[in-house]
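Single-structure report; data block below.
Owing to the predicted nature of the structure, the values given are computational and were not obtained by experimental measurement. Just follow the structure's listing: the first ligand is 1, and inside any ligand the first atom is 1. Counting from 1, the numbers follow the sequence of the chain as shown. Heavy atoms only: backbone and side chains are in, while hydrogens, waters and symmetry mates are out.
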Amino acid sequence: MKLILLGPPGAGKGTQAKMLTERFDIPQISTGDILRAAVKDRTPMGVKAKSFMDAGGLVPDDVVIGIVRERLQNQDCAAGFILDGFPRTVAQADALKETLHSLGKDLDAVISLEVDTEALVERLTGRRTCRECGQGYHVKFDPPREAGRCDACGGELFQRDDDSEETIRKRLEVYHAQTSPLAAYYRNEDLLLPVDGMQEIGTVQEKILSHLQAA
Ligand code: AP5
Ligand code: MG
Ligand code: ZN
């Protein structure tokens with residue numbers, strides 16, 4: 001299964017991708033997670049990316065295209081993959097098409113998670129993530145059993161630097177200007193599967209699975 005998860009910040013891409021990787025036993029490729037790891041390790045790429053991420057803007061296309069091109073050649077992508085947060089511009093989508101073509105692979109579907117803007121802000125301001133294993137939570141919609149601690153591994157939960165209300169608004173603007181045109185892009189390719197992302201996490205997952213079976 002070769003999938004893209006498309007949707008605005010806070011739509012639930014990471015949450016749904018984690019569930020889909022278990023279901024299909026294929027990797028989640030989150031450019032956001034890869035970039036955050038590079039920032040944390042202070043690699044040259046991380047140093048370059050940090051200012052764009054802190055400002056809620058996009059990291060330059062050549063950087064993220066390079067990451068994904070390399071990642072897709074990894075053996076663990078042989079049976080499929082879930083792209084989470086890539087592509088985000090038409091240039092990235094074109095580059096992905098070329099890369100997949102050269103690897104002899106075709107996308108199965110682009111799942112578009114649709115969520116109202118005000119719900120996105122509430123989801124992102126309440127998001128918490130495990131520092132150890134990356135498991136995501138929400139203080140209201142998906143709380144851990146013990147506040148501030150990961151159910152899965154006991155790790156400490158933290159709030160992302162870019163989840164302040166001001167940066168969230170900026171990320172949403174950038175999404176509407178640069179990424180939302182990709183819905184039409186993939187509709188034209190007959191790959192777009194719109195899913196109502198305003199329902200509970202488990203219901204959204206069921207909807208995605210039933211769409212994939214029907215596709
Ligand atoms: P990235 O990490 O990809 O952030 P994003 O796109 O802004 O998306 P998020 O991770 O914030 O949201 P999500 O959709 O994964 O939601 P989640 O499942 O966590 O990118 C960060 C930055 O990196 C970018 O701003 C950019 O600078 C850079 N970058 C990354 N990729 C790039 C690219 N390709 N090109 C250029 N730059 C790039 O859910 C959110 C919260 O809601 C959680 O708390 C969750 O528990 C809760 N939740 C989830 N689903 C539901 C539901 N159905 N009901 C209620 N709550 C829910
Ligand atoms: Mg995410
Ligand atoms: Zn954990």
Side-chain angles (χ1 to χ4, degrees), residues 4-20 28-39 45-46 48-68 71 82-93 95-96 111-116 119-144 148-163 167-168 170-175 178-179 182 195-208:
I4 292 175
L5 281 178
L6 184 67
K13 302 183 295 295
T15 304
Q16 296 299 330
K18 286 229 153 50
M19 296 164 84
L20 291 169
Q28 169 194 13
I29 303 176
S30 159
T31 40
D33 286 349
I34 294 168
L35 290 166
R36 274 184 293 279
V39 169
M45 184 176 80
K48 187 170 175 191
K50 187 176 186 320
S51 58
F52 297 101
M53 297 172 79
D54 285 348
L58 294 185
V59 172
D61 283 336
D62 59 328
V63 175
V64 281
I65 288 168
I67 293 176
V68 172
R71 185 65 187 80
I82 302 160
L83 284 166
D84 158 6
F86 182 96
R88 268 170 141 98
T89 62
V90 170
Q92 291 178 23
L96 176 66
I111 296 158
S112 171
L113 292 172
E114 304 188 337
V115 179
D116 301 343
L120 295 171
V121 177
E122 191 182 8
R123 285 186 189 184
L124 290 173
T125 49
R127 170 164 59 190
R128 300 293 182 273
T129 308
C130 175
R131 218 179 267 293
E132 305 302 323
C133 75
Q135 177 65 41
Y137 296 90
H138 190 282
V139 291
K140 183 163 147 196
F141 304 125
D142 188 15
R149 288 274 150 221
C150 177
D151 291 350
C153 78
E156 182 204 359
L157 303 187
F158 76 102
Q159 227 181 329
R160 261 169 55 178
D161 288 343
D162 60 350
D163 278 348
T167 311
I168 291 169
K170 174 72 187 162
R171 285 158 61 201
L172 291 171
E173 265 174 42
V174 168
Y175 178 83
Q178 304 205 49
T179 308
L182 293 182
V195 172
D196 177 7
M198 288 296 287
Q199 308 167 82
E200 284 182 11
I201 291 171
T203 312
V204 175
Q205 180 76 187
E206 283 165 23
K207 286 268 152 70
I208 291 174

Name the closest protein heavy atom to [atom], giving the residue it belongs to and the distance to 0.1 Å.
{"atom": "atom 16 (O) of ligand 1", "value": "Gly12 N, 3.3 Å"}
{"atom": "atom 31 (N) of ligand 1", "value": "Thr31 OG1, 2.7 Å"}
{"atom": "atom 18 (O) of ligand 1", "value": "Thr15 OG1, 2.5 Å"}
{"atom": "atom 9 (P) of ligand 1", "value": "Arg127 NH1, 3.3 Å"}
{"atom": "atom 50 (N) of ligand 1", "value": "Ile201 CG1, 3.6 Å"}

Taking both backbone and side-chain atoms of [X], is any N or O found less than 3.5 Å from an N or O belonging to ligand 1?
{"X": "Tyr137", "answer": "yes"}
{"X": "Arg36", "answer": "yes"}
{"X": "Gln199", "answer": "yes"}
{"X": "Gly56", "answer": "no"}
{"X": "Gly10", "answer": "yes"}
{"X": "Gly126", "answer": "no"}
{"X": "Pro9", "answer": "no"}
{"X": "Asp162", "answer": "no"}
{"X": "Gly14", "answer": "yes"}

Distance check, rounded to the nearest 0.5 Å: [X] atom [atom1] versus [Y] atom [atom2]?
{"X": "Leu113", "Y": "Leu5", "atom1": "CG", "atom2": "CG", "value": "6.0 Å"}
{"X": "Gln92", "Y": "Asp62", "atom1": "CD", "atom2": "CG", "value": "10.0 Å"}
{"X": "Thr31", "Y": "Arg36", "atom1": "OG1", "atom2": "CZ", "value": "8.5 Å"}
{"X": "Ile65", "Y": "Phe86", "atom1": "CD1", "atom2": "CZ", "value": "5.5 Å"}

Which option, [options], owns the non-hydrogen atom nearest [atom]?
{"atom": "atom 10 (O) of ligand 1", "options": "Lys13, Arg160, Arg171", "value": "Arg160"}
{"atom": "atom 35 (N) of ligand 1", "options": "Met53, Gln92, Lys170, Glu122", "value": "Gln92"}
{"atom": "atom 57 (C) of ligand 1", "options": "Gln135, Arg123, Lys18", "value": "Arg123"}
{"atom": "atom 24 (C) of ligand 1", "options": "Lys50, Arg88, Gln16", "value": "Arg88"}

With heavy atoms only and a cut-off of under 4.0 Å, state how [X] meets ligand 1: side chain, backbone, both or neither.
{"X": "Val59", "result": "both"}
{"X": "Leu124", "result": "side chain"}
{"X": "Leu35", "result": "side chain"}

Closer than 3.5 angstrom, by distance alone: can the side chain of [X] be matched with the main-chain N or O of [Y] as a donor-acceptor pair?
{"X": "Lys13", "Y": "Pro8", "value": "yes"}
{"X": "Gln159", "Y": "Thr125", "value": "yes"}
{"X": "Thr167", "Y": "Asp163", "value": "no"}
{"X": "Gln178", "Y": "Val174", "value": "no"}
{"X": "Arg149", "Y": "Leu157", "value": "no"}
{"X": "Arg171", "Y": "Gly56", "value": "no"}

(request) Could you check if a side-chain atom of Cys150 sits within less than 4.5 angstrom of a side-chain atom of Cys133, using non-hydrogen atoms only? (result)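 A side-chain contact under 4.5 Å exists here.
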
(message) Taking the side chain as everything from C-beta on, heavy atoms only, tell me whether Met53 gets closer than 4.5 Å to Asp161.
(response)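 Result no, sub-4.5 Å side-chain heavy-atom pair not found.
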
(request) Determine whether any heavy atom of Gly136 lies closer than 4.0 Å to an atom of ligand 1. (result)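 Outside the 4.0 Å threshold, so no.
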
(request) For Gly57 and ligand 1, answer yes if some heavy atom of the residue is under 4.0 Å from a ligand atom, otherwise no. (result)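 Within the 4.0 Å threshold, so yes.
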
(message) Considering only residues two or more places apart or on different chains, which pairs with a residue in residues 129-138 satisfy side chain to side chain donor-acceptor pair (under 3.5 Å)?
(response)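 For residues 129-138: Arg131-Glu156.
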
(request) Mind running side-chain contact (heavy atoms from CB on, under 4.5 Å) on Leu96 and Ile4 for me, showing each step along the way? (result) CA-CA 11 Å; Leu96 176 66; Ile4 292 175; 3.7 Å; yes

(request) Look at atom NZ of Lys50 and say whether more than 12 heavy atoms of other residues, nucleotides or ligands are closer to it than 6.0 Å. (result)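 No, because the 6.0 Å sphere around NZ of Lys50 holds 12 heavy atoms or fewer from other groups.
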
Quick check on contacts: which atoms of ligand 1 are under 4.0 angstrom from a heavy atom of [X]?
{"X": "Glu200", "result": "53 (N)"}
{"X": "Phe141", "result": "55 (C), 56 (N)"}
{"X": "Gly32", "result": "1 (P), 2 (O), 20 (O), 30 (C), 31 (N)"}

(request) Name all residues meeting the side-chain hydrogen bond (donor to acceptor under 3.5 Å, both in side chains) criterion together with Glu122; count only those two or more places apart in sequence or in a different chain, and write none if there are none. (result)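 Here the qualifying residues are Lys140.
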
(request) Taking 2.8 Å as the upper limit, name the protein N, O or S atoms near the Zn ion (ligand 3). (result)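 Protein N, O or S atoms closer than 2.8 Å to the Zn ion (ligand 3): Cys130 SG, Cys133 SG, Cys150 SG, Cys153 SG.
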
(message) Once salt bridge (charged side-chain N to carboxylate O under 4.0 Å, His left out) is applied, do any residues pair with Asp61, and if so which ones, sequence neighbours excluded?
(response)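 Applying salt bridge (charged side-chain N to carboxylate O under 4.0 Å, His left out) to Asp61 gives none.
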
(message) Using side-chain contact (heavy atoms from CB on, under 4.5 Å), reason through Arg127 and Val139 one step at a time and then give a plain yes or no.
(response) CA-CA 7 Å; Arg127 170 164 59 190; Val139 291; over 6 Å; no

(message) Thr179 vs Leu6, test: side-chain contact (heavy atoms from CB on, under 4.5 Å). Steps then yes/no.
(response) CA-CA 9 Å; Thr179 308; Leu6 184 67; 4.0 Å; yes

